[in-house]
Chemist: 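First the structure, which I've put down as structure tokens, then a few questions once you've had a look.
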Amino acid sequence: MLKINDVTLHYGQSQILNGISLDALQGEVTCLMGTNGVGKTSLLKAIAGVHPRSGGTVELDGENLDELPAHVLAKKGIAYVPQGREIFPLMTVKENLETGFACLLRSDHHIPDHIYDLFPVLKEMTSRRGGDLSGGQQQQLAIARALITRPKLLLLDEPTEGIQPNIIQQIGRVISHLRDQGDMAILLVEQFFDFAHDLADQIYVLKRGAVVVSGRKDSISRDELLATLSA
């Protein structure tokens, strides 16, 4: 579904990504691991069109996405749940979800029942303002809003950050369910090692803006991963 080849990215004069290549397959969770500041969020932003790439190519479902703006990429099937969630605090839960309609045909402007099946708390709080929700509820809202767009590729940046353990477990179950449905690729950036490792089908580890370990989860030892991440 997603194929990245030799992607580079700069912030001003600083090179953040150094020739990143990776694949994220449909029906799988691809985990991007690494310590703070190695370029994980920058890569998601480059894929989502939030930050321009300096070089390299990004393909979605065989189509070359040649520096298209974020709103066009969203219509093509890329849904990005950023670190910090970025829900609209003064809008209700329902209104937040409806912002996803911008990517859809008018005939599809409705909130599917399966969204509330995945996140029952949102159905209970449809009239509550986004800013009044807890951090875990806001994270559920941000993921649900992304799913409204019916994505081919779901980009998740640190979905467990600042979230209580029971909500982390629920988000993990949702990601597993979406993976098992088999109709989207999921690229997960996550520093909670056990959460990421449990969900991963394939793993990439970034260090100083470059991939230093990559492969199927069952081909990389847990100890090797932990040693690489702590080095």
Side-chain angles (χ1 to χ4, degrees), residues 24 27-38 40-41 43-44 79-89 91-94 96-97 100 111 113-148 151 153-181 184-206 213 217-218 220-231:
E28 292 193 355
V29 175
T30 300
C31 283
L32 193 59
M33 298 181 177
T35 56
N36 281 331
V38 298
K40 304 184 304 296
T41 293
L43 180 58
L44 291 195
Y80 175 41
V81 182
Q83 189 176 18
R85 301 178 279 275
E86 295 183 10
I87 56 103
F88 298 102
M91 295 171 63
T92 67
V93 166
K94 184 172 185 287
N96 268 277
L97 293 173
I111 300 171
D113 290 340
H114 74 264
I115 296 293
Y116 292 131
D117 291 339
L118 291 173
F119 302 107
V121 70
L122 300 182
K123 188 168 187 177
E124 301 168 13
M125 297 186 168
T126 52
S127 299
R128 293 275 296 275
R129 293 193 307 180
D132 294 335
L133 304 185
S134 70
Q137 291 163 351
Q138 289 184 5
Q139 185 66 68
Q140 292 176 80
L141 176 56
I143 296 172
R145 179 179 60 184
L147 296 177
I148 289 285
L153 171 67
L154 179 63
L155 307 174
L156 297 171
D157 194 357
E158 304 280 5
T160 71
E161 185 179 43
I163 305 301
Q164 56 268 45
N166 64 315
I167 302 298
I168 289 175
Q169 292 174 2
Q170 183 182 2
I171 289 171
R173 289 192 294 269
V174 168
I175 294 171
S176 293
H177 172 76
L178 295 173
R179 183 254 315 279
D180 294 344
Q181 283 187 312
M184 72 174 69
I186 300 170
L187 182 56
L188 170 66
V189 164
E190 182 56 64
Q191 292 205 72
F192 182 1
F193 180 84
D194 288 338
F195 179 86
H197 192 265
D198 287 348
L199 287 169
D201 294 293
Q202 59 179 351
I203 293 171
Y204 292 83
V205 178
L206 261 60
V213 174
K217 180 173 71 174
D218 55 11
I220 307 171
S221 78
R222 183 184 179 92
D223 288 344
E224 177 191 353
L225 270 178
L226 286 169
T228 301
L229 290 167
S230 61

Chemist: Search all heavy atoms of Ala196 against all heavy atoms of Leu188 and return the closest pair with its distance.
Modeler: CA-CD2, 4.4 Å

Chemist: Do Tyr204 and Leu43 touch side chain to side chain, with heavy atoms closer than 4.5 Å?
Modeler: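 When only atoms from C-beta onward are counted, Leu43 and Tyr204 do not touch, as no gap falls below 4.5 Å.
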
Chemist: Please check if atom CG in Asp113 has more than 12 non-hydrogen atoms from other residues, nucleotides or ligands closer than 6.0 Å.
Modeler: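 Not buried by this count: 12 neighbours or fewer within 6.0 Å.
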
Chemist: Looking at Val81 and Ala146, what are the two nearest heavy atoms and their distance?
Modeler: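 Where Val81 meets Ala146 most closely, the heavy atoms are CG2-CB, 3.6 Å.
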
Chemist: Rounded to the nearest 0.5 Å, how far apart are CG of Leu229 and CD of Glu224?
Modeler: 10.0 Å

Chemist: Side-chain contact, heavy-atom cut-off 4.5 Å: Gln139 with Ile171?
Modeler: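 Answer yes - side chains close enough.
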
Chemist: Determine yes or no for a side-chain-to-main-chain donor-acceptor pair under 3.5 angstrom, with Asn96 supplying the side chain and Met91 the backbone.
Modeler: yes

Chemist: Side chains of Gln83 and Leu44: closer than 4.5 Å at any heavy-atom pair?
Modeler: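 They are not in side-chain contact.
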
Chemist: Leu32 and Leu206: which non-hydrogen atoms are nearest, and at how many Å?
Modeler: CD1-CD1, 3.3 Å

Chemist: What pairs with Arg222 under salt bridge (Lys or Arg N to Asp or Glu O under 4.0 Å), at least two apart in sequence or on another chain?
Modeler: Asp194

Chemist: How long is the straight-line distance from CE of Met33 back to CD1 of Ile203, given to the nearest 0.5 Å?
Modeler: 4.5 Å

Chemist: Minimum heavy-atom separation for Ala200 and Cys31, please, with both atom names.
Modeler: CB-SG, 3.6 Å

Chemist: For Glu158, does its backbone N or O pair with a side-chain atom of Gln191 as donor and acceptor, under 3.5 Å?
Modeler: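 No, because the side chain of Gln191 does not come within donor-acceptor range (under 3.5 Å) of the backbone of Glu158.
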
Chemist: Quick one, Pro159 and Glu190 - any side-chain contact, counting heavy atoms below 4.5 Å?
Modeler: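 Sidechains of Glu190 and Pro159: in contact.
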
Chemist: Nearest 0.5 angstrom please: Asp218 CG to Gln202 CD, how far?
Modeler: 11.0 Å

Chemist: Do Leu118 and Gln140 come within less than 4.5 Å of each other through their side chains, counting heavy atoms only?
Modeler: no

Chemist: Can you tell me how far apart OG1 (Thr30) and CG (Asp201) are? Round to the nearest 0.5 Å.
Modeler: 7.0 Å

Chemist: Could you tell me whether a side-chain N or O of Lys40 sits under 3.5 Å from a main-chain N or O of Thr35, the two making a donor and an acceptor?
Modeler: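 Such a contact is found between Lys40 side chain and Thr35 backbone.
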
Chemist: If I take atom CD from residue Gln137 and atom CG from residue Leu122, how far apart are they, to the nearest 0.5 angstrom?
Modeler: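 Answer rounded to 0.5 Å: 8.0 Å.
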
Chemist: Taking Lys217 for its side chain and His197 for its backbone only, find out whether a donor-acceptor pair lies under 3.5 Å.
Modeler: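 Checking the backbone N and O of His197 against the side chain of Lys217, a donor-acceptor pair under 3.5 Å is found.
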
Chemist: Less than 4.5 Å apart, any side-chain heavy atom of Leu97 and any of Leu141?
Modeler: yes

Chemist: Nearest 0.5 angstrom please: Ile163 CD1 to Gln138 CD, how far?
Modeler: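 One gets 8.5 Å once the value is rounded to the nearest 0.5 Å.
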
Chemist: Determine whether Ser176 and Arg179 make a side-chain contact, defined as any pair of heavy atoms from C-beta on separated by less than 4.5 Å.
Modeler: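 Yes. Closest side-chain heavy atoms under 4.5 Å.
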
Chemist: Any heavy-atom pair between the side chains of Leu147 and Phe119 that's under 4.5 Å?
Modeler: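 Yes, side chains in contact.
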
Chemist: Could you pull out the closest heavy-atom pair between Glu161 and Gly84, with the gap in Å?
Modeler: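 Looking at all heavy atoms of both residues, the closest pair is OE1-N, 4.5 Å.
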
Chemist: Between Pro151 and Met184, what is the shortest heavy-atom contact and its length?
Modeler: O-CB, 3.7 Å

Chemist: Only one of Val189, Ile143, Leu178 passes side-chain contact (heavy atoms from CB on, under 4.5 Å) with Leu156; say which it is.
Modeler: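 Single pass found, and it is Ile143.
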
Chemist: Which residues pass the salt bridge (Lys or Arg N to Asp or Glu O under 4.0 Å) test with Arg129, sequence neighbours left out?
Modeler: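 Applying salt bridge (Lys or Arg N to Asp or Glu O under 4.0 Å) to Arg129 gives Asp132.
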
